[in-house]
Amino acid sequence: VQLVESGGGLVLPGGSLTLSCSTSGRASSSGTMGWFRQAPGKEREFLATIRRGDRKILYADSVKGRFTIFRNNAKNTVDLQMRSLQVEDTAVYYCAGTSRNLIVSSMSRKEHYDYWGQGTQVTVSL
C-alpha cells in the first residue's frame, strides 16, 4: 500500500477536520499530490493539489478559502485542513499522487494521477 488516508470521521456543521495522507514506496517521491472526494451517486471531484518542487497549489472553487493543502516532504505526508464544513461536504475523501510534475491544466484532473489511497469517510451531520 502506497497511499494511506486518515483523519476522517463525523463532524458537526461548521466544524473542522484535518485529513492526512501518508505516502510510502514510489508514491513518496510523487511530483504532484492531490485530494479528491466522492459522494454517493456522484463523480469523484477535485478538491486541492500541490506540486513537490515549486509547491504550486490549486483549489476547487467549492472549497477555496475553507480547505488548505499542506505537504511535508520530510515526513512524506500531505494534509488537507478543512474548516466551515457543511452537510454537502459529506463524502469519501481520497488522496492521489503521480510521479510527474503536472502542468497547471492537468493538476485538477483525476485521470492524470497514478496512485490512489483507499479513501476515508467524512460525514457532516447534526
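Quick caveat, the model's predicted, so the values are computed rather than measured. Counting from 1, the numbers follow the sequence of the chain as shown. These numbers come from the heavy atoms of this one structure, side chains and all, not from hydrogens, waters or symmetry mates.
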Residue E88 excluded, over 12 heavy atoms near CD under 6.0 Å: yes

For R100, salt bridge (charged side-chain N to carboxylate O under 4.0 Å, His left out) partners two or more places apart: D114

Interatomic spacing from OG in S24 to CG in L3 - rounded to 0.5 Å: 7.5 Å

Heavy-atom closest pair, residues N101 and T32: CA-OG1, 3.5 Å

For residues 14-21, dump all side-chain donor-acceptor pairs below 3.5 Å to protein atoms at least two apart in sequence or in another chain.
from : atom 1 : to  : atom 2 : distance (Å)
S20  : OG     : D79 : OD1    : 2.8

Derivation of the side-chain contact (heavy atoms from CB on, under 4.5 Å) call for I50 and Y59: CA-CA 9 Å; I50 182 169; Y59 292 103; over 6 Å; no

R66 to Q86 - nearest heavy-atom pair and separation: NH1-N, 4.3 Å

V11 with V63, same ILVMFWY side-chain cluster at under 4.5 Å: yes

Spacing of R51 atom CZ and L58 atom CG [to the nearest 0.5 Å]: 8.0 Å

Hydrophobic cluster identity match, L85 and F46, side-chain contacts under 4.5 Å: no

Audit row: M33, R52, side-chain contact (heavy atoms from CB on, under 4.5 Å) steps and yes/no: CA-CA 8 Å; M33 297 291 298; R52 182 183 183 91; over 6 Å; no

Side-chain donor or acceptor of E5 paired with backbone N/O of Q118 under 3.5 Å: yes

Minimum-distance pair of heavy atoms, taken over all atoms of P13 and V87: CG-CG2, 4.3 Å

Test ring-ring contact (aromatic ring centres under 6.0 Å, His included) applied to W116 and W35, Y93, F36, the passing residue: F36

Single-linkage hydrophobic cluster V78~F67, side-chain heavy atoms < 4.5 angstrom: yes

Exercise: do Y115 and T23 side chains pair donor with acceptor under 3.5 Å: no

Nearest heavy atoms of K75 and N72, plus distance in Å: N-OD1, 3.0 Å

Atom pair NZ/OG1 of K110 and T98 - distance to nearest 0.5 Å: 15.5 Å

Whether Q81 side chain and T68 backbone form a donor-acceptor pair below 3.5 Å: no

Minimal non-hydrogen separation, S84 against D89, with atom names: O-OD2, 4.3 Å

Polar side-chain atom of Y113 near backbone of M107 as donor-acceptor pair, under 3.5 Å: yes

side-chain contact (heavy atoms from CB on, under 4.5 Å) evaluation trace for M82 with V122: CA-CA 11 Å; M82 307 184 294; V122 172; 4.1 Å; yes

E45 to S62 - nearest heavy-atom pair and separation: OE1-OG, 4.3 Å

C95 side, atom SG; I69 side, atom CD1 - distance, nearest 0.5 Å: 8.0 Å

Atom pair CG (L126) and CG (L10), whose distance is rounded to the nearest 0.5 Å: 9.5 Å

Check: R55 and N73 side chains under 4.5 Å, non-hydrogen atoms: yes

Approximate separation, where rounding is to 0.5 Å, of R37 CZ and T120 OG1: 14.0 Å

Residues forming a side chain to side chain donor-acceptor pair (under 3.5 Å) with R109, sequence neighbours excluded: E111

